[in-house]
Amino acid sequence: MRKVREVIVVEGRYDKNALKQVVDAVVVETRGFGVFSDKERLALLRRMAEERGLILLTDSDGAGFVIRNFLKGAIPKSRLKQAYIPDVYGKERRKAAPGKEGKLGVEGMPPQVLLEALERAGAVFEDGGASEEERRPVTKADFYQLGLTGGPDSGAKRAALLKKLGLPERMTANALLEAVNLLYGREAFLREAQ
């Protein structure tokens, strides 16, 4: 499985599942049109774009292009790559009927088509990778040990950490956990959290 440096942005969880079977990468969902009103998710996408770069991989239907165009306007062009899947007509196995336009989405594409779309977009493929310790995610137990959850002043500690990391102040503990696992290696985060 090839490792991709950039964060890949897809519409939903089935797209994410399909992609995770093809590449070793951070894959983030827009939750469909939910990204339009989710300020935290948009702020996180901007931060990930700055840190690692983003690759947009949406469905080739009208809805996919609406989401793609929204993100093209919200993310600096220099930090964004566009990956496109071909128009293939049919329906995904899990669905009773084809989508509105009758096209397969990201989840319905064969693995080789997804890999080729990423290659054409200019994805940076990395050999080797992080150590086992770096790949190990930060957990809720780590948050507890650091005093970021479960204590009388946990909220204040999280607020201070959010400010230090330059993340939105309204992020919940779960959103912060997701963010640090996307933006930092384990050791780098633990250094920042001290």
Side-chain angles (χ1 to χ4, degrees), residues 1-127 129 135 137 171-172 174-175 177-179 181-183:
M1 188 173 295
R2 297 181 71 188
K3 183 172 177 60
V4 177
R5 182 188 191 291
E6 296 93 348
V7 174
I8 303 170
V9 180
V10 296
E11 292 178 51
R13 72 174 184 249
Y14 293 105
D15 300 329
K16 179 178 180 176
N17 292 344
L19 209 50
K20 294 294 277 181
Q21 294 175 31
V22 177
V23 291
D24 177 8
V26 174
V27 182
V28 178
E29 306 164 36
T30 65
R31 296 182 181 138
F33 292 144
V35 75
F36 298 161
S37 58
D38 189 340
K39 303 278 187 246
E40 279 188 8
R41 182 147 301 263
L42 189 56
L44 182 59
L45 288 172
R46 285 183 176 131
R47 179 71 184 271
M48 288 186 288
E50 186 61 36
E51 299 282 329
R52 297 176 63 164
L54 295 183
I55 299 175
L56 286 182
L57 181 61
T58 61
D59 294 350
S60 58
D61 60 6
F65 274 86
V66 169
I67 293 166
R68 184 183 294 272
N69 288 330
F70 172 78
L71 291 173
K72 279 169 54 176
I75 307 291
K77 186 177 179 181
S78 64
R79 306 301 300 155
L80 192 60
K81 295 177 181 176
Q82 303 287 334
Y84 296 96
I85 58 171
D87 287 338
V88 176
Y89 291 89
K91 73 169 194 67
E92 282 85 7
R93 286 189 308 224
R94 71 177 179 88
K95 295 182 179 175
K100 185 176 177 183
E101 296 178 33
K103 297 177 183 177
L104 290 177
V106 170
E107 71 173 279
M109 290 291 132
Q112 189 58 35
V113 171
L114 294 175
L115 193 56
E116 288 167 1
L118 294 171
E119 289 170 346
R120 283 192 307 274
V124 176
F125 292 96
E126 299 176 334
D127 292 329
R135 281 193 297 273
M171 287 183 99
T172 64
N174 285 339
L177 183 63
E178 179 184 21
N181 278 313
L182 294 172
L183 295 171

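Bear in mind that the values here come from a model prediction, so they are computed numbers and not experimental data.
Between the side chain of Asp15 and the backbone N or O of Gly12 there is at least one donor-acceptor pair closer than 3.5 Å. When atom types are taken as modelled, the side chain of Glu101 and the backbone of Gly62 share a donor-acceptor pair closer than 3.5 angstrom. Within the 3.5 Å criterion, the main-chain N or O of Ala74 finds a donor-acceptor partner in the side chain of Arg46. Within the 3.5 Å criterion, the main-chain N or O of Glu29 finds a donor-acceptor partner in the side chain of Arg41. Between the side chain of Arg52 and the backbone N or O of Arg5, at least one donor-acceptor pair lies under 3.5 Å. A side-chain donor-acceptor contact under 3.5 Å links Lys20 to the backbone of Ala25. No donor-acceptor distance shorter than 3.5 angstrom exists from the side chain of Asn181 to the backbone of Pro137, with no hydrogens or angles considered. Within the 3.5 Å criterion, the main-chain N or O of Phe65 finds a donor-acceptor partner in the side chain of Asn69.
Rounding to the nearest 0.5 angstrom, the gap separating the CD atom in Glu50 from the OG atom in Ser78 is 7.5 Å. Atom CD in Glu6 sits 4.0 Å away from atom NZ in Lys81 (nearest 0.5 Å).
The two residues Gly90 and Leu104 make their nearest non-hydrogen contact at C-CD2, 3.7 Å. In plain terms, the two heavy atoms of Leu57 and Ala83 that are nearest each other are CD1-O, 3.6 Å. In terms of heavy-atom proximity, Asp59 sits nearest to Val106 at OD1-N, 2.8 Å. In terms of heavy-atom proximity, Ile85 sits nearest to Gly105 at CD1-C, 3.7 Å.
Using a 4.5 Å cut-off on side-chain heavy atoms (C-beta onward), Met109 and Pro86 make contact. Ile55 places none of its side-chain heavy atoms less than 4.5 Å from the side chain of Val7. By the 4.5 Å heavy-atom criterion applied to side chains, Leu42 and Lys39 are not counted as neighbours. Inter-residue side-chain proximity for Leu19 and Leu114 is flagged as met; some heavy-atom pair is nearer than 4.5 Å. Side-chain atoms of Arg2 and Glu119, non-hydrogen and from C-beta on, do get closer than 4.5 Å to each other. Proximity of Val27 to Val9: side-chain heavy atoms (C-beta onward) are nowhere separated by under 4.5 Å. A 4.5 Å side-chain heavy-atom check between Val4 and Asp24 finds every atom pair outside the cut-off. At a threshold of 4.5 Å between non-hydrogen side-chain atoms, the residues Glu107 and Lys95 count as touching.
Under the 6.0 Å distance and 45° angle rule, Arg94 counts as a cation-pi partner of Tyr14.
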For the pair Glu11 and Lys16, evaluate side-chain contact (heavy atoms from CB on, under 4.5 Å) and give the outcome as yes or no after the intermediate values.
-> CA-CA 8 Å; Glu11 292 178 51; Lys16 179 178 180 176; over 6 Å; no
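Of the charged side-chain nitrogens involved, none lies within less than 4.0 Å of a carboxylate oxygen, so that Glu51 and Arg79 do not count as a salt-bridged pair. Look at Asp61 and Lys103 and you find no salt bridge, because none of the NZ, NE, NH1 or NH2 atoms lies under 4.0 Å from a carboxylate O.
For Phe36, the ring pair (Phe, Tyr, Trp, His ring centres under 6.0 Å) partners are Phe33, Phe70, not counting sequence neighbours.
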